[in-house]
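For reference, the structure discussed in these notes is given below.
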There are 2 protein chains.
Amino acid sequence: MPVSIKDIAQKAGVSPSTVSRALNDHPRISQETKTYIQNLARSMGYIPSTVARNLVTRRTATIGVAIADLTDPYYGRLMLGIDDAAAAHNYQVLLSCFYRDPDRELALVHDFHKRRVDGIIVLGSEAESAYSDPDQNFFMPIVLVNRPGYRCSVSVDRNVGGQMVVDYLVSLGHRRIAFITGGARQRIRSRRLAGYRQALARHHIPYNPDLVVDGDGEISGGIRAANQLLSLSPPPTAVFCFNDMTAIGVINALRRQGFRVPDDFSVVGFDDLEMTAYYSPALTTVRQPTHEVGERAFDMLSRLIRHQPVEPEMLNPELVIRASTTSAAQPLTA
Amino acid sequence: MPVSIKDIAQKAGVSPSTVSRALNDHPRISQETKTYIQNLARSMGYIPSTVARNLVTRRTATIGVAIADLTDPYYGRLMLGIDDAAAAHNYQVLLSCFYRDPDRELALVHDFHKRRVDGIIVLGSEAESAYSDPDQNFFMPIVLVNRPGYRCSVSVDRNVGGQMVVDYLVSLGHRRIAFITGGARQRIRSRRLAGYRQALARHHIPYNPDLVVDGDGEISGGIRAANQLLSLSPPPTAVFCFNDMTAIGVINALRRQGFRVPDDFSVVGFDDLEMTAYYSPALTTVRQPTHEVGERAFDMLSRLIRHQPVEPEMLNPELVIRASTTSAAQPLTA
DNA sequence: AATCTTTGTGCAAACGTTTGCGCAATTATT
DNA sequence: AATAATTGCGCAAACGTTTGCACAAAGATT
């Protein structure tokens with residue numbers, strides 16, 4: 001049973017209010033009693049109860065962050081930005097993972113509501129539409145990262161990211177460029193895919209649905225997708241992947257079939273995970289300002305909490321050219 | 001302002017206690033009122049306040065997990081085991097990252113105390129000794145993962161892990177085997193290092209302090225350490241790394257200096273991150289039963305919470321031989 | 001028909017804080 | 001020397017729940 005403010009009050013011979021004020025450095029308490037009580041509290045091993053405090057103040061100075069996948073370092077990097085911004089504003093952060101499961105995601109957001117956090121950030125939402133649904137009774141600010149369809153979101157522009165990749169591949173002479181999605185669910189709203197198609201159109205390359213196959217954002221999905229692409233005739237000469245994890249799977253599957261990257265196939269990732277720079281071949285990918293995204297997401301949430309107006313934000317990605325891409329070989333099927 | 005139990009009571013014309021009991025499916029409430037109130041609550045958008053509930057019940061059904069590094073998928077995998085076990089026991093999990101900073105770690109554990117979680121798990125503690133320090137006033141169950149010195153801990157036996165690696169490298173003919181630590185702070189208590197030394201002794205290979213250099217558990221540390229090792233004459237023929245991240249750094253630094261892995265140097269990691277199996281060369285490493293570790297950590301905490309006796313647990317790792325290791329070349333310095 | 005159980009509900013206290021208000025004692029202002 | 005402002009503290013209500021106890025009404029047991 002932890003020691004409470006009343007225990008301290010009793011021992012000090014003062015009222016609980018005085019103890020509370022002394023501990024919170026209230027101006028109308030004498031310096032003398034303050035230091036006396038603070039020392040006493042320390043010596044008694046007092047640890048204030050946030051839960052009682054939150055109940056009466058009706059705020060928690062805490063935000064909840066729901067994360068899609070803890071084994072993908074991309075989200076870890078976003079968290080860094082959020083944590084930094086939150087710390088700078090004296091906010092605590094509660095984290096939880098929903099393992100890419102929309103039901104768990106919603107359950108989690110619900111739990112955050114019950115905990116009465118001041119606001120919520122969702123990283124990699126799988127249930128975007130729910131947040132605009134009035135039936136959900138979400139009564140607190142929520143910002144989504146990378147879901148530009150939602151009112152309160154900060155995203156990197158994956159459409160232009162996709163275009164950059166295609167432009168670059170086309171400039172290398174590629175014309176049969178495959179795209180691997182992050183999963184069938186993502187497919188419809190995929191900005192990368194939209195950018196891919198727009199860029200193809202701009203280069204007068206007809207869109208070929210066979211070249212677009214589903215992955216799952218993880219290595220295993222990349223492997224499956226690559227094998228599927230290899231069964232095409234003719235196969236693509238370049239593969240644009242939903243993210244770096246997928247790209248790792250793709251490169252492996254290709255290599256396992258005896259192909260070489262980039263000589264036989266160019267492969268491009270997305271996210272610029274630290275480790276893929278050290279991969280072999282070092283991955284050509286699209287870098288996102290993750291830290292800034294995290295910070296901005298927190299700032300937007302913070303403005304929302306203070307009832308200030310916000311509008312969706314869009315940040316620009318950057319193409320990082322490394323060793324997994326090269327000029328298109330002469331078409332084998334000439 | 002969210003709707004409270006009183007609001008519902010008023011609208012239903014019953015007392016708050018009845019509402020509370022109806023929502024919690026108390027046996028002494030008629031089915032009729034139960035369904036009536038439950039529907040009413042739903043329609044009013046009622047979301048119970050855990051904070052009020054926690055205050056009166058004096059428990060939170062929540063555990064806190066402090067994580068050293070969110071960008072290392074190793075911890076993500078541990079979390080999976082914890083989350084699964086916790087969900088099975090109707091516990092919520094609160095996560096937070098301390099970025100390998102001992103001060104932030106302690107601050108975080110302190111914050112968990114203030115939140116009155118029922119117990120705490122620390123993954124990758126940097127402040128182990130604090131948990132045995134009575135001055136810290138930690139008044140709740142805490143289990144540490146991979147800190148076998150602590151009373152309540154579940155660890156994989158990194159000592160035998162270290163020995164397995166050295167035994168294997170020696171069997172390949174290596175005698176100049178380097179070890180890269182996870183950081184100067186870890187060095188003293190490193191079980192891997194102890195295992196490394198024991199195995200060397202067993203093979204009558206004298207211990208050479210020059211071959212033990214500090215990394216930091218991340219890629220950058222691996223790069224630095226590898227360069228340091230290359231400046232030795234003669235350099236080692238094999239490098240045993242604190243973890244897989246370090247190994248990635250090492251392989252890169254070696255390659256950048258024109259060396260080949262495993263032809264010129266054998267490299268061994270630790271953790272068996274999924275992606276390192278897809279690395280090139282695929283990494284020889286030590287697999288840990290991460291999911292089981294996570295589950296057991298939760299189970300231990302759960303026993304602690306119920307005041308049942310516990311004792312430290314130790315799980316066995318497993319050597320995974322892949323392509324980053326091979327027989328020692330003829331010594332260049334013959 | 002009297003007693004005993006059971007069923008369904010309400011009262012009120014409690015959890016550990018914060019905070020508006022009141023009030024006495026001290027100090028500053030005329 | 002009277003009044004005003006300031007300083008230091010306590011009272012008590014409040015936050016939104018849960019829960020032991022009381023109690024009336026209905027049903028079951030003699």
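Naming convention: chains lettered A, B, ... in sequence-line order (proteins, then strands); numbering from 1 in each chain.
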- Item | Evaluation steps, side-chain hydrogen bond (donor to acceptor under 3.5 Å, both in side chains), between A:Ser153 and A:Glu313 | CA-CA 6 Å; A:Ser153 60; A:Glu313 293 183 22; over 6 Å; no

- Query: Checking side-chain hydrogen bond (donor to acceptor under 3.5 Å, both in side chains) for the pair B:Thr62/A:Arg115: CA distance, chi angles, key distance, verdict?
  - Reply: CA-CA 11 Å; B:Thr62 298; A:Arg115 296 197 124 84; 2.5 Å; yes

Under 3.5 Å, which N/O atoms of the protein pair with N/O atoms of nucleotides 24-28 of chain C?
none

Give every pair of a protein N or O atom and an N or O atom of nucleotides 14-18 of chain C that lie under 3.5 Å apart, one pair per line with the distance.
| from | atom 1 | to | atom 2 | distance (Å) |
| --- | --- | --- | --- | --- |
| C:dC15 | O3' | B:Arg58 | NE | 3.4 |
| C:dC15 | O2 | B:Val56 | N | 3.2 |
| C:dG16 | OP1 | B:Arg58 | NH2 | 3.4 |
| C:dT17 | OP1 | A:Tyr46 | OH | 3.1 |
| C:dT17 | OP1 | A:Ser49 | N | 3.4 |
| C:dT17 | OP2 | A:Ile5 | N | 2.8 |
| C:dT17 | O5' | A:Tyr46 | OH | 3.1 |
| C:dT18 | OP1 | A:Asn24 | ND2 | 3.4 |
| C:dT18 | OP1 | A:Arg53 | NE | 3.1 |
| C:dT18 | OP1 | A:Arg53 | NH2 | 3.3 |
| C:dT18 | OP2 | A:Ser20 | OG | 2.5 |
| C:dT18 | OP2 | A:Asn24 | ND2 | 3.3 |

Contacts under 3.5 Å, N or O only, protein and nucleotides 4-8 of chain D:
| from | atom 1 | to | atom 2 | distance (Å) |
| --- | --- | --- | --- | --- |
| D:dG8 | N7 | A:Arg28 | NE | 3.2 |
| D:dG8 | O6 | A:Arg28 | NH2 | 2.9 |

Can you check nucleotides 24-28 of chain D for protein contacts, nitrogen or oxygen pairs under 3.5 Å, and list what you find?
none

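Of the candidates A:Val109, A:Leu123, A:Leu108, A:Leu70, A:Leu108 is the only one forming a side chain to side chain contact (heavy atoms under 4.5 Å, CB included) with A:Phe98.
With hydrogens and angles ignored, the 3.5 Å screen pairs no side-chain donor or acceptor of A:Asp69 with any backbone N or O of A:Tyr99. Remark: side-chain polar atoms of A:Thr60 are paired, donor with acceptor, to backbone N or O of A:Arg116 under 3.5 angstrom. Checking side-chain atoms of B:Asn243 against main-chain N and O of B:Gly217 turns up a donor-acceptor pair under 3.5 Å. Side-chain atoms of A:Thr57 come within 3.5 Å of backbone N or O of A:Arg53 as a donor-acceptor pair. Looking only at distances, a side-chain donor or acceptor of B:Thr33 sits under 3.5 Å from a matching main-chain atom of B:Ser30.
Atom CE of A:Met79 sits about 5.5 Å away from atom CD1 of A:Ile67, to the nearest 0.5 Å.
Taking atom NE2 on B:His26 and atom P on D:dC21, their separation rounds to 13 Å, with Å as the unit. Between the C1' atom of C:dG10 and the CD1 atom of B:Ile37 lies a distance of 12 Å, rounded to the nearest Å.
Inter-residue side-chain proximity for B:Asn24 and B:Ser20 is flagged as met; some heavy-atom pair is nearer than 4.5 Å.
Under a cut-off of 6.0 angstrom, the local environment of CD in A:Glu311 is sparse, with at most 12 non-hydrogen atoms contributed by other residues, nucleotides or ligands.
Applying the salt bridge (charged side-chain N to carboxylate O under 4.0 Å, His left out) rule to pairs touching residues 30-43 of chain B yields B:Asp25-B:Lys34, sequence neighbours excluded.
B:Asp157 is linked by a salt bridge (Lys or Arg N to Asp or Glu O under 4.0 Å) to nothing, counting only residues two or more places apart in sequence or in another chain.
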